[in-house]
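What follows is a single structure, written as structure tokens, with notes after it.
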There are 2 protein chains.
Amino acid sequence: MQKVLRELEVDLGERSYPIIIGQHLLGEFDLTPWVVGNQVMIVTNDTVAPLYLEQAKACFPGKAIDVVVLPDGEKYKDWQTLNLIFTALLEKRHTRKTTLVALGGGVVGDMTGFAAASYQRGVPFIQIPTTLLSQVDSSVGGKTGINHPLGKNMVGAFHQPEAVLIDADTLNTLPPREVSAGLAEVIKYGLIRDEPFLVWLEQNMNALVSLEPTALGEAIYRSCQCKADVVAQDEKEGGLRAILNLGHTFGHAIETFAGYGNWLHGEAVGTGMMMAADLSVREGKISRDDQARAVALIRRASLPDRAPEGMSVEDFMGLMAVDKKNVDGALRLVLLRSLGDAYVTADASPENLQATLQAFIHQG
Amino acid sequence: MQKVLRELEVDLGERSYPIIIGQHLLGEFDLTPWVVGNQVMIVTNDTVAPLYLEQAKACFPGKAIDVVVLPDGEKYKDWQTLNLIFTALLEKRHTRKTTLVALGGGVVGDMTGFAAASYQRGVPFIQIPTTLLSQVDSSVGGKTGINHPLGKNMVGAFHQPEAVLIDADTLNTLPPREVSAGLAEVIKYGLIRDEPFLVWLEQNMNALVSLEPTALGEAIYRSCQCKADVVAQDEKEGGLRAILNLGHTFGHAIETFAGYGNWLHGEAVGTGMMMAADLSVREGKISRDDQARAVALIRRASLPDRAPEGMSVEDFMGLMAVDKKNVDGALRLVLLRSLGDAYVTADASPENLQATLQAFIHQG
């Protein structure tokens, strides 16, 4: 029997949408109230399809369902793969009244969202995220897009889903590395805005790592709530929303250096958050004890604590310079004023930044 | 000396923007008030660049200007060419505060607009249309996009420019076929909404065909005003805006059949409007005399009056079935209730439609 544990609304005026969190939802929960017309195109990948496609189809009783199965992996988050979605939509003659459904992780969600934003200049879509990372991060907030060889997520759109359905049961089939990657973003919410949640995470990290359903449901709910709250205040990333990028400027540089897909996004963010905490100490904001507490929690989630082998300070500086968060050439970073309180700055001391980078690279 | 002939505002609330129409504007008119940051990327093509690039640069005094020159032609309105813009932006390290400038015809405008809509999930852009078609049509309304092998303009976004600068002098270098193609859209405005403008066009068609500047300025202004008025009432094409597609369902089928770029968009629309007028007679809306009047005016603009050689009724039916304006499978067409009054219908009689198609194909 389906069991809705929690439900919340992302408040964006006309573009508001619900996030439904629970167990046994796939195969049972009726998503047709969020489908405008008669056509549904489920977009998934070759890893998720054998596990959940049939159950996902059962969420759309009475609709004409087509499916496009993409190859799995961040390295396919490119135009060629995106175009498979457009081709399927056109071959199956989907009109402007179609609804796209993203069934999979962040890559499937970002690509399906961008396909929905761009197909015939915009059609609706529904998110069914099946990884922890996508459940707590990429399915909330409307950021969609693909990678460019010169930079991650450089081509995309803001496009909000009609609804997000999160079935925590899907995490039972998730590889442990991907659970850790998701936990990086969960920890991030504690670090940037919610010290009590950070304490809760310190108490429940073991339960989360062992996929205890109630703990997972709670962590997903509080993460989505935090992100939804930030996004509602700043839909298009004019200001506040930038704090959601804690660890991401360092992390994107790591991902680009390593080659998309070799480091998971959450892994790179995990290391990136440690780097941000380190720089926050050097900038005189948090104590070494605070940093140690953050690092310890991130390590308990089995996340890497150093940059990839062979990555130099110069590699970081070059790759960070093209980051989207920069404005007119100045490097913008998210740092911690205290645990549970992040801020954005373009004024971090270059010497401190160098020292942080130096501390996290592998010494030749 | 620059000479602003006319100026109008497209009223879209927060997204409102001005259209400035005149002579001697390129090289003299200061566009920096519509540039947010310091970076400008001018996107143009290899036909327009030698003619107007230096003059266009002079419209952005004090800004850091980069340029990307695309190959000219509708057949390059694809992802590979669009990606040249993203690559140039990333290589030159353009941030979210960059401003794109479209210098060229409809293809450059549509692609630059979509690049602006998608680069880092959206940056501003300015239109400097240099063909009659783009001046009266594609630079107004915010439709941007690229073609897919299975359908024209199937991938894109609604993205409004910051400003549109129309210098009628650019038409002096335009090939006569392209002038005719632009006049097709000018005539369209008279047919769908403005019978007095249709009368004005009947009186001034010779002046327009011979590029008389005052007549051109007036035709551009009245066309933009008509389109701006329709778009302001229906930005995202929920209803009224669909009448702007008079002749386009037939026309898109012709363009797709002929292969993009072999027939100009305006040429296909010219023939398509004759077909719409013919079907409007068969549907009992306008008289054969009205149709003859419309056809005569379209012919005076030197537009083709038949489908391409070898195109069959079945070709039309197949290609029209994937048109964006269809909803849940029903073919939607724009027809004329009278000259100067268009309507949208999904109920045209299939027999009448067959008869119209039959009347416009080349008989085997």
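Labels below follow one simple rule: chain letters A, B, ... track the order of the sequence lines, proteins then strands, and each chain is numbered from 1.
- The closest side-chain donor-acceptor pair between His248(B) and Glu185(B) falls under 3.5 angstrom.
- Side chains of Val164(A) and Val10(A) form no contact here, defined as non-hydrogen atoms less than 4.5 Å apart.
- Taking the six-membered ring where the residue is Trp, Phe114(B) and Phe114(A) present parallel rings, their angle staying beneath 30° rather than reaching 60°.
- Heavy atoms of Thr98(A) lying under 4.5 Å from chain B are absent altogether.
- Heavy-atom distances place no part of Leu89(A) under 4.5 Å from chain B, backbone and side chain included.
- Aromatic ring orientation, Tyr119(B) versus Phe86(B): parallel (interplanar angle below 30°, classes split at 30° and 60°).
- Between chain B and the residues Ala157(A), Gly145(A), Ser118(A), the largest count of heavy-atom pairs under 4.5 Å involves Ser118(A).
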